[in-house]
Amino acid sequence: MSDNPLQAICSTIGRISVSLHTNISKLISITQKPHTGTNVQFSVSVPAPPTATSSMLAADSSLFQPTEKVGPVTREQLGRATWTFIHTLGAQYPEKPTRQQKKDVKELMAIISRIYPCKECADHFKEVLRSNPIQAGSQAEFSQWLCRVHNVVNRSLGKPTFPCERVDARWGKLDCEHRVCDLQGSMTLFGSQTD
Ligand code: FAD
C-alpha cells in the first residue's frame, strides 16, 4: 500500500476504468453484428438465421392468428379473400367516379381475369367478363354489376345466388374511423372535376 493517499485513489480509479472498458467492449462485441464498409471489424461470428419451419411459426405467435391454419391457401380461401376485396372496393367506390377510376376498375377486372392465381378460375372469369361488360358509372352500378358477375360464378359452381338488393347490407362501407378510407370521387376539395 502506498503512503500517498492520492496515489492510492488514482490507482483505484485506474483499475475501475480498465474493468469498465473491458466489460463494455465485451458487451459491444456480443450485441454488434459484423459490419462491412467501416474500418471496425468485429470478430464474433453471428450464426445464419434459421429457416422457418411450421413448429417455429407456431412458436412465434406474432406471425399468425391462433385459429389460422399455417400452410398453402386453398382455392376457396383465395376466392373468399378476393371477393372480399372486390366487393369492398364496390362499396367504397365513389358515387361520382372520375374517368381514371372507371378506367382503373375496368383494368383491374381485366388483370384479375389474366393473372388470378387459379388458371381455371381466371379463364372462366374472362368469359364472364366478355358476356357481362363492366358497368362502373357509379357506386350503385358497380356494386350491382359485381353482385351479378359473382352470381354467374356462383351458378357455375352450383352455389346459391345472392340477392343483389342486399349487397349494400352485406358489403357496407369499410369500417374506418372518420371516413379516412373513402376514395376521392370526382370532386376535389375545391369542388372541381379531377378526371
Ligand atoms: P364466396 O363465393 O367466396 O363468397 C364470399 C361471400 O360473399 C359469401 O359468403 C357471401 O356472403 C357473399 N356473396 C356471395 N355471392 C355474392 C354475390 N353475388 N354478391 C355479393 N356478395 C356475395 N372457384 C372455383 O372452384 N372455380 C372457378 O372457376 C372460380 N372462379 C373464380 C373467379 C373469381 C374472380 C373469384 C374471385 C373466385 C373464383 N372462384 C372459383 C372461387 C369461388 O368463387 C369462391 O370464392 C369459393 O368457392 C369460396 O366460396 P364461398 O361459398 O365461401 O363464398
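As the structure lists them, so they are numbered: ligands from 1, and atoms in each ligand from 1.
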With heavy-atom distances below 4.0 Å as the criterion, list the atoms of ligand 1 near [X].
| X | result |
| --- | --- |
| Leu157 | 23 (N), 24 (C), 25 (O), 26 (N), 40 (C), 42 (C), 43 (O) |
| Cys147 | 17 (C), 18 (N), 19 (N) |
| Arg170 | 6 (C), 10 (C), 11 (O) |
| Phe125 | 34 (C) |
| Val153 | 30 (N), 31 (C), 43 (O) |
| Arg75 | 25 (O) |
| Val167 | 20 (C) |

How does [X] reach ligand 1, if at all, at less than 4.0 Å between non-hydrogen atoms: by side chain, backbone, both, or neither?
| X | result |
| --- | --- |
| His87 | side chain |
| Asn154 | side chain |
| Thr82 | side chain |

I need the nearest protein heavy-atom contact for [atom]: residue, atom name and distance, please.
| atom | value |
| --- | --- |
| atom 33 (C) of ligand 1 | Trp83 CZ2, 3.8 Å |
| atom 39 (N) of ligand 1 | Cys121 SG, 4.2 Å |
| atom 7 (O) of ligand 1 | Trp171 CZ2, 3.2 Å |
| atom 52 (O) of ligand 1 | Arg80 NH1, 2.6 Å |
| atom 46 (C) of ligand 1 | Glu76 CA, 3.9 Å |

Option set His150, Gln77, Lys126, criterion heavy-atom distance to atom 2 (O) of ligand 1, minimum: His150
Closest to atom 50 (P) of ligand 1 (judged by heavy-atom distance), picking from Lys159, Glu127, Gln144, Arg148: Lys159
Any N/O pair Tyr116/ligand 1 closer than 3.5 Å: no
